[in-house]
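All ligand and atom numbering here is 1-based and tracks the order in the structure.
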Amino acid sequence: GAFDGKQSSGAAPPHVLVFPFPLQGHVTPMLKLAEVLSLSGIRVTFVSTERNQRRLLSSASVRARLARRPGLHLRCIPEDFPKNNPRNFADAAQMIQEFDAAAQPRLREILSSGSGGADPEGEPPVTCVVADALIKLAVDVAVDLGVPIIGFRTSSACSFWADQCIPDLIATGVITYQDGCDLDELVSWLPGTESFLRRRDLPSLCRVVDTDDPAMQVLRGMTQNVARYQGIIFNTAEFAEPTVLAHVRGQVSTYPIGPLHGLLQTVEHMKGAAGDGGVDGVPFSCNSTSLLQEDRACMEWLDAKPPASVVYVSFGSIALVLREHLLEIWHGLVNSGYHFLWVVRPGFVVDGGGNGGDWPAEAGEGAKGRGYRVEWAPQEEVLGHPAVGCFLTHSGWNSTIEGLWAGVPMACCPNLADQYLSRRMIAELWKIGVEIKNTCDRAAVEKAVREVMGGERASEIRAAAASMSKTAREGVEEGGSSYMNMERLIQDIRAMSS
Ligand code: UDP
């Protein structure tokens with residue numbers, strides 16, 4: 001098969017440049033793809049910002065693992081992204097434009113060097129670019145220099161599909177949010193989602209009805225780029241989004257190869273590269289891609305807890321929370337009566353003016369030792385721990401697919417963008433969790449946690465989660481759909497390179 005690294009004679013050796021947008025939720029799946037490609041015998045250059053590379057490599061275990069990936073090289077863009085966390089789509093749009101401008105010269109330099117030994121770092125020429133779909137410049141540069149380019153969408157196929165459809169739907173007045181409209185109404189705006197999508201589930205951007213809005217312009221630019229890719233890679237799986245993927249395929253060639261952390265495990269085992277041993281007590285098999293230092297002490301805390309007794313709480317790498325909102329969530333968790341492990345990143349709590357606030361003194365008393373707080377957790381391992389019985393999540397796509405893989409039922413508290421879509425897929429399409437519909441106040445958090453941990457539907461939800469997890473595992477095994485799509489991707493990359 002394509003994974004065995006054989007190269008037909010005479011063809012140029014494939015050399016793939018993998019280029020993620022510099023945020024955790026993008027670096028994670030794209031580095032895993034880079035690792036899968038390198039284990040399959042393809043030379044890979046992974047480009048990150050200087051700051052992210054430094055953060056990634058600050059872990060001895062990550063350094064040791066990446067050194068065991070043959071043909072995987074890291075290169076940098078000398079930029080300090082992200083300067084600030086994007087708080088809404090307008091911030092994100094600005095960041096996308098700034099990053100484009102900052103990264104352009106370096107990308108051009110990397111892509112145009114290499115041939116004839118002109119590359120100062122001695123790299124052979126790049127034969128294919130796999131670029132984050134948020135990086136618009138990558139398409140311009142690659143097309144200009146005649147290098148084939150494949151896009152990578154780090155969110156769901158459904159979110160991609162919404163982005164493809166939304167600008168036109170808004171421009172033609174199909175999507176409307178008048179005062180008093182019924183947010184729970186099922187809408188048929190996105191083909192393939194009619195059976196589950198409600199008005200309230202569309203990305204927050206849909207509330208921006210001004211088509212001249214800069215954020216809308218950025219979205220339109222991304223939409224128009226789609227035709228210039230040879231195909232698009234998704235960290236999703238056929239079984240998770242079959243109806244939407246069928247529609248997406250009508251527009252662009254797709255490679256649904258997720259969950260990528262699962263696929264990486266399969267390929268590691270095939271190649272005998274799965275880590276026994278490790279560094280600093282961290283097994284290689286953890287495959288961490290964290291940009292923040294993981295606090296591993298929480299694993300021992302979990303070890304002492306009974307099966308399915310702990311709520312794991314994380315809102316991802318970007319979200320900020322108002323102090324009073326944080327207290328609501330905290331009270332909800334305490335009132336639920338369960339143990340909880342909570343990720344509170346440095347700078348996560350903000351005051352009304354958006355400035356960094358401290359952890360409120362009120363939170364900490366009253367939990368009677370039931371709550372454990374870390375600044376950053378080894379999330380994949382935490383979700384895989386038998387003590388975890390519920391994942392209170394913001395429904396970021398990586399968290400969603402990691403929760404699905406682990407078979408941990410979720411309570412969803414989305415915050416922006418595509419997180420509303422993921423919440424709906426979790427609670428309604430797959431039925432592997434529950435939604436928090438409006439505000440995540442203490443009553444709503446307590447209710448959702450109780451429902452998942454021991455309520456009437458708990459065993460039903462748990463069974464559905466276990467079944468989805470099993471299906472996800474079959475998908476990345478030899479012959480499974482994600483595995484086969486990955487084989488096809490590798491074959492296509494080899495063909496493009498020759
Ligand atoms: N994550 C982690 N440790 C934490 C919190 C989050 O490793 O304590 C990881 C998580 O496993 C996921 C990523 O950070 O891979 C967050 O990505 P997601 O798409 O869920 O949300 P975003 O950060 O983009 O909002």
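Under the side chain to side chain donor-acceptor pair (under 3.5 Å) criterion, E402 pairs with Q379, not counting sequence neighbours. Every residue was checked against the side chain to side chain donor-acceptor pair (under 3.5 Å) condition with W430, not counting sequence neighbours, and none meets it.
Proximity of a side-chain donor or acceptor of R296 to a complementary backbone N or O of P378 within less than 3.5 Å is not detected. A donor-acceptor contact shorter than 3.5 Å links the side chain of S482 to the backbone of G258. Looking only at distances, no side-chain donor or acceptor of E294 sits under 3.5 Å from a matching main-chain atom of A377.
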Distance-only check: which donor-acceptor pairs under 3.5 Å involve side-chain atoms of residues 235-246, not counting sequence neighbours?
residue, atom, partner, partner atom, Å
N235, OD1, L260, N, 2.8
T236, OG1, E241, OE2, 2.6
E238, OE1, R249, NH2, 3.0
E238, OE2, R249, NH2, 2.8
E238, OE2, N485, ND2, 3.2
E241, OE1, A157, N, 3.4
E241, OE1, C158, N, 2.8
E241, OE2, A157, N, 3.0
T243, OG1, G192, O, 2.7

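Listed as neighbours of ligand 1 are Q24, G25, S290, Y312, S314, G316, S317, I318, V343, W376, A377, Q379, H394, G396, W397, N398, S399, E402, each bearing a heavy atom under 4.0 Å from the ligand.
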